[in-house]
Amino acid sequence: MIRILLPLFCLACMCTACNKRADLWVQGEVKGMHQSEVLCYGFRPDSNELVRNIPAKQGVFTCTLMPDSVWPVLFVFEGTVEIPVFALPGDEVTITGDMKTPSSFLVEGGDNINQALNEWRQKKEKPEAFLKAYPDHPASAWIILNEALSKPTLNTEYLKKLLAEVTPRMAESNMLSALKKELERPFSTELEIPFFSKSGRSIIRYDKEKIDSTFTHEQLKNRINTLITP
């Protein structure tokens with residue numbers, strides 16, 4: 001009997017392994033969304049790579065991706081709401097939310113950090129609360145970057161305090177290294193930070209006049225033609 005059951009057990013294990021997805025599958029439904037596309041892009045340890053524009057119909061979309069690291073895949077809805085997804089090939093993730101209430105967005109599936117981010121959004125806590133709980137996770141790096149780029153002005157002193165909450169590994173990561181560099185050189189004539197606009201966020205280089213450590217994003221937008229994308 002054991003000789004019969006053992007091969008069957010091995011065969012069942014092989015079939016289970018074969019049925020596991022080789023990619024990351026994401027589906028979403030966002031209420032109040034009017035645009036026909038969702039911008040999706042991903043951070044890598046050595047680059048910032050735009051992934052694709054995903055077709056959406058009345059806020060419903062699906063896609064398959066091939067993330068290659070623990071760094072997030074980011075979904076931007078109508079240029080105003082950005083949701084990070086931490087997942088690996090083989091995972092299945094669902095994104096839901098309402099454009100009228102950014103805190104309502106939920107990410108189900110993937111890494112457990114997605115649930116921690118859900119709770120942080122719903123509680124509308126300050127970034128410090130999350131950073132202290134997860135100082136060495138890429139999710140904290142994303143929170144700092146999002147804090148920097150979602151405000152009309154760059155609050156350098158506050159951002160320095162946030163950077164001090166994460167580990168050096170996160171502060172020097174691809175998501176934050178350019179921002180950290182700029183905060184350390186407030187009078188630099190070259191600005192190199194991820195830039196968020198309605199077309200998405202990307203690493204850019206901006207040749208600017210000497211300005212003080214607090215500048216507005218409107219100043220960047222007014223000189224958009226001078227931007228050079230790598």
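Quick caveat: nothing in here was measured; it's all calculated off a predicted structure. This chain uses plain numbering: 1 for the first residue, then up along the sequence.
Side-chain contact between I54 and C63 is present, with at least one heavy-atom pair separated by less than 4.5 Å. Looking at heavy atoms from C-beta onward, L65 lies in side-chain contact with R52 at the 4.5 angstrom threshold. Between T94 and T96 the shortest side-chain heavy-atom distance falls below 4.5 Å. Considering only heavy atoms from C-beta on, S140 comes within 4.5 Å of F130 through its side chain. N53 places none of its side-chain heavy atoms less than 4.5 Å from the side chain of C40. The shortest side-chain heavy-atom distance between R121 and V107 falls under the 4.5 Å cut-off.
Here the NZ-CG distance, from K161 to N155, works out to 8.5 Å after rounding to the nearest 0.5 Å. One distance of note links CD of E82 with CG of N146; it measures 5.5 Å at 0.5 Å rounding. Rounded to the nearest 0.5 angstrom, L162 CG and I144 CD1 are separated by 5.5 Å. A distance of 8.0 Å separates CG of L88 from CG of L24, quoted to the nearest 0.5 Å. With values rounded to the nearest 0.5 angstrom, I143 atom CD1 is found 12.0 Å from E165 atom CD. Taking CE of M33 as the reference point, atom OG1 of T80 lies at 9.5 Å (rounded to 0.5 Å).
Residue A148 comes nearest to L179 through the heavy atom pair CB-CD2, 3.8 Å, listed as atom of the first residue, atom of the second, then distance. Across all their heavy atoms, A139 and I113 have their closest contact at CB-CG1, 3.8 Å. For the residue pair V76 and V38, the shortest heavy atom distance occurs at O-CG1, 3.6 Å. Nearest heavy atom pair, residue E147 against residue L159, reads CG-CD2, 4.2 Å. Scanning all heavy atoms of the two residues, the minimum distance from A171 to V166 falls at N-CG2, 4.0 Å. Here the closest heavy-atom approach between residue M99 and residue P102 is recorded as O-CD, 4.2 Å.
Between Y41 and F75, the ring centre distance reaches or exceeds 6.0 Å.
By the neighbour-count criterion of 12 heavy atoms within 6.0 Å, atom CD of Q58 is sparsely surrounded, having that number or fewer from other residues, nucleotides or ligands.
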Item to check | side-chain contact (heavy atoms from CB on, under 4.5 Å) between V85 and L74, worked out | outcome: CA-CA 6 Å; V85 169; L74 301 143; over 6 Å; no
Item to check | Chi angles and distances behind the side-chain contact (heavy atoms from CB on, under 4.5 Å) call for L39, F77 | outcome: CA-CA 7 Å; L39 176 67; F77 300 92; over 6 Å; no
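Legend: side-chain hydrogen bond (donor to acceptor under 3.5 Å, both in side chains) pairs involving residues 98-109, not counting sequence neighbours: none detected. Note on residues 157-182: no pairs pass ring-ring contact (aromatic ring centres under 6.0 Å, His included), not counting sequence neighbours.
Follow the hydrophobic side-chain contacts under 4.5 Å out from L106 and you never reach L117; the two are in separate clusters.
The backbone N or O of G109 lies less than 3.5 Å from a partner atom in the side chain of N114, making a donor-acceptor pair.
Below 30°, between 30° and 60°, or above 60°: for W120 and W142 the angle between ring planes is above 60°, a perpendicular geometry. Y134 and H137 have perpendicular rings, their planes meeting at more than 60° on a 0 to 90° scale where under 30° would count as parallel.
Counting only N and O atoms by type, the side chains of Q27 and T62 include no donor and acceptor under 3.5 Å apart.
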